[in-house]
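First the structure, in the form of structure tokens, and then the observations on it.
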Amino acid sequence: MKRVLTQLLNLLNVVVESSLKGGLVLFLSVSKNTKSAICPQCGKKSEHLHQNQNYLVKDLPMGDKEVILNVNRRRFKCKICRKTFNEKLDFIGARKTYTHRYTENIVKQLISSNVSNLAENNGLTDEEVNSILEDIAKNLLPINLKNLRS
Ligand SMILES: [Zn+2]
């Protein structure tokens, strides 16, 4: 475990296992330090690790480096339900490729900017920024924005 990087990352119950620098990008392999996960079906704790699955999500930059997390989302098997399930990662939304705090930071910047500036400053495309904004709007508003555009 990388103690200093884990402290710098500062995500609850998440540890940095290893790091890799590639140009202006810092890749951090992270996983939760908990030994168990809660089964979404029956609510019982499972410690039976079934599979490790990795995927990449973008996090806040550190210094001049863009940070990509190589997240180990573990699959557990519930002995009661006899089914496998993914552990819940509370710092990333379901099926998202950005951390929650990355998304929050984009919104803060948008308040004093516009979509094109924001995309350029963060190495994103306009479409990616719009997609982040739509995700936020979906979580905030109980209506589907697409229904409003006709
Ligand atoms: Zn279960």
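This one's a predicted model, so the numbers in the text were calculated from it and none came from an experiment. Computed over heavy atoms, backbone and side chain alike; hydrogens, waters and symmetry mates excluded. For ligands, and for the atoms within them, numbers begin at 1 and follow the listed sequence.
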**Report entry** Verdict with supporting geometry, Asn52 and Arg74, side chain to side chain donor-acceptor pair (under 3.5 Å)
**Finding:** CA-CA 5 Å; Asn52 287 308; Arg74 301 169 297 178; 5.6 Å; no

**Report entry** Polar side chain donor-acceptor pair, Asp59 to Thr99, under 3.5 angstrom
**Finding:** yes

Requested in this report: May I ask you to check whether Asn122 and Gln109 show a side-chain donor-acceptor distance below 3.5 Å?
Outcome: yes

Query raised in the report: Atom CG of Asn117 and atom CG of Asn114: how far apart are they, to the nearest 0.5 Å?
Result: 4.0 Å

Query raised in the report: Which distance, rounded to the nearest 0.5 Å, do you find between the CZ of Phe76 and the CD1 of Ile38?
Result: 10.0 Å

Requested in this report: Would you list the protein N, O or S atoms within less than 2.8 Å of the Zn ion (ligand 1), leaving out water?
Outcome: Cys39 SG, Cys42 SG, Cys78 SG, Cys81 SG

Report summary line: Sorted by chain and residue number, the side-chain contact (heavy atoms from CB on, under 4.5 Å) partners of Thr97 (sequence neighbours excluded) come out as none

